[in-house]
Amino acid sequence: MCGITGWVSYGRDLRGENQTLRAMTDTMTRRGPDDEGLWTSEHAALGHRRLAIIDLPGGHQPMIHHRPDGTEAVIVYSGETYNFRELRGVIGGDFRTSSDTEVVLRAHEKWGENAVPQLNGMFAYALWDTATEELLLVRDRLGVKPLYYLETEDGVLFGSEPKAILANSLSSKNVGIDGLRRLLGFVADPSNAVFDGMKEVPPGHVVRVSAQGAREVKYWGLDDHEHTHDLDTTIRTVRELLDDTASRQLIADVPLCTLLSGGLDSSALTALAAGRLAAEGKGPVRSFAVDFVGYADNFVADGLRDAPDTKFVQDVARHVASDHRDIVLSNDDLLDPIHRAAVLAARDYPGLGDMDTSLYLLFKAVREQSTVALSGESADEVFGGYADFHDPKVVAADTFPWLAGSMAQGRDTTSPFSLDLQRQLDMEGYYEDQYRRALAEVPRRPGDAGLEARMREISYLYLTRFLPLLLERKDRMSMAVGLEVRVPFCDHRLVQYVFGTPWAFKTFDGREKSLLRAATADLLPQSVVQRVKSPYPSTQDPQYSKTILQELGAVLDDSNAPIAALLDRTGVEKILGAQDDPHARHAAERVVGINSWLADHTISL
């Protein structure tokens with residue numbers, strides 16, 4: 001895992017721009033604490049920060065392939081290609097290193113852009129060809145690894161994070177109304193990366209950059225061919241895919257662990273990893289869980305969580321004999337200004353409050369013992385785990401299911417923002433437009449109709465418009481501490497296979513995630529097999545909410561607060577009066593976060 005950045009300009013000589021390139025690269029020191037590399041030519045400049053995972057001494061970047069005619073192909077790469085060993089054998093010839101980066105570079109030399117669909121992994125990379133003076137920006141199929149770009153008058157800027165691009169004076173820290181919609185909304189849209197003019201390379205796409213401009217080309221997307229396997233064969237195939245992807249993603253030359261929540265997803269992954277490591281004589285597997293001071297003793301069930309994670313985590317840790325550690329966080333940890341500032345800096349814009357901070361602190365503690373962690377992220381989107389998949393009213397709602405279901409439950413419509421800003425934002429219109437665009441992409445079968453077609457739509461919406469938000473959060477919080485987090489459930493073979501299975505198979509036992517439960521039940525304690533889906537934990541300590549609301553009150557009373565002109569006093573006061581409402585706390589976190597962020601950014605309405 002690493003950080004990449006660069007600058008292509010067809011109108012100037014970049015060989016004198018090392019200082020700017022270094023500034024862009026230095027923004028990603030935490031993504032790559034182990035090594036740095038810069039490369040410049042007349043029209044291209046590439047920067048790299050390395051987190052060494054495979055081939056520790058030999059994987060320095062930028063990596064260059066020298067051709068006999070004197071031209072070069074130069075790559076900066078972030079992520080992992082899990083099938084690099086197989087590809088090495090197919091490519092043949094001598095390799096200078098044992099790194100996956102060299103395999104990707106040589107694959108492009110052999111097959112050109114046709115190399116990209118042959119890669120299995122999570123990756124984002126840039127490849128400059130001195131012969132054609134063209135740049136390729138490539139992102140993995142599910143968008144696990146981030147890659148942003150900004151077109152300029154004569155080329156492009158790119159980086160693993162917005163901050164790398166923003167370090168170049170050709171970019172702007174300004175956010176317009178569209179960017180503000182993206183910041184405040186809960187829908188992933190790669191064409192809108194919050195900051196003016198900035199985009200993401202869409203998942204499953206290549207961006208070709210030449211003197212004629214930048215062009216996005218799709219190389220992969222979900223399809224919906226007819227599923228011909230019966231239920232037993234489907235369950236067996238899911239297990240085979242899980243076994244294979246877990247095995248591939250355990251390859252590392254550094255300490256590795258799993259993130260264990262006690263839910264079905266992370267427990268199954270931990271069990272798979274434990275079995276594989278034991279078979280190779282490398283066990284036990286390390287596992288880590290997040291908890292909060294007094295959380296289990298004072299837990300109160302709500303609409304999302306019916307029990308704390310602790311008991312289930314302990315059951316799994318005992319069952320698979322993992323080397324387990326709980327990371328227990330206090331209010332002081334979550335409210336520490338240094339921690340919150342680190343989270344905001346990692347995100348580049350405000351995120352999810354204590355859920356971001358707790359994840360950051362979990363990863364920070366994990367990094368003290370491991371460099372790579374396996375996460376159960378995306379299993380809910382792949383296998384249909386959220387309650388919204390199973391609520392007839394939500395399924396029938398003509399909008400994004402999470403907006404009609406889990407995120408709408410108990411939510412007051414009170415907004416802290418001024419009526420003028422609310423009118424300009426028109427979030428309902430924004431959501432409607434995004435929803436229609438997403439529906440137009442859904443692959444269709446001839447004669448598709450009814451529940452089967454609708455559930456395929458909902459699966460597609462979650463995989464392409466919700467999951468990217470979670471992957472972005474996980475990437476930023478983990479890379480802020482130099483931890484590589486892998487997500488085996490995002491293996492594109494598994495995602496595609498399960499996407500194409502009938503909805504009746506995904507719920508054959510009358511519950512959520514039927515296929516995953518059936519495929520892994522033999523690995524798990526019964527308490528976890530029978531457990532109902534529970535989301536990532538959030539502190540329930542009322543003192544935390546009280547403190548956040550006090551901070552919101554201080555912002556409201558400060559006429560010089562950066563966010564002051566955007567607020568509606570009546571709306572903020574109503575939020576302040578809802579002391580026990582978690583939605584009020586989240587709204588307060590959002591306002592306080594934006595206020596801090598505006599100290600170094602601008603919003604133009």
For residues 562-572, which side-chain N or O atoms pair as donor and acceptor with protein atoms under 3.5 Å away, sequence neighbours left out?
from   : atom 1 : to     : atom 2 : distance (Å)
Asp568 : OD2    : Gly571 : N      : 2.7
Arg569 : NH1    : Glu573 : OE2    : 3.3
Arg569 : NH2    : Leu556 : O      : 3.3

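Listed by chain and number, the residues in a salt bridge (Lys or Arg N to Asp or Glu O under 4.0 Å) with Glu432 are Arg436 (sequence neighbours excluded). In terms of the side chain to side chain donor-acceptor pair (under 3.5 Å) criterion, Asp140 has no residue partners (sequence neighbours excluded). Residues meeting the salt bridge (Lys or Arg N to Asp or Glu O under 4.0 Å) test with Asp178, sequence neighbours left out: Arg181. Under the rule for a ring pair (Phe, Tyr, Trp, His ring centres under 6.0 Å), the partners of Tyr497 that lie at least two apart in sequence or sit in another chain are His227, His229. Applying the ring pair (Phe, Tyr, Trp, His ring centres under 6.0 Å) criterion to His390, with sequence neighbours excluded, gives Trp503. For Thr357, the side chain to side chain donor-acceptor pair (under 3.5 Å) criterion is met by no residue, not counting sequence neighbours. Under the salt bridge (Lys or Arg N to Asp or Glu O under 4.0 Å) criterion, Asp600 pairs with Lys173, not counting sequence neighbours. Under the rule for a salt bridge (Lys or Arg N to Asp or Glu O under 4.0 Å), Asp558 has no partner lying at least two apart in sequence or in another chain. Residues satisfying the ring pair (Phe, Tyr, Trp, His ring centres under 6.0 Å) test with Phe466, not counting sequence neighbours, are Tyr386, Trp402, Tyr462. With sequence neighbours excluded, the residues satisfying ring pair (Phe, Tyr, Trp, His ring centres under 6.0 Å) with Phe195 are His601.
Here ring-ring contact (aromatic ring centres under 6.0 Å, His included) pairs that include residues 416-457, with residues two or more places apart or in two chains, are Phe400-Tyr435.
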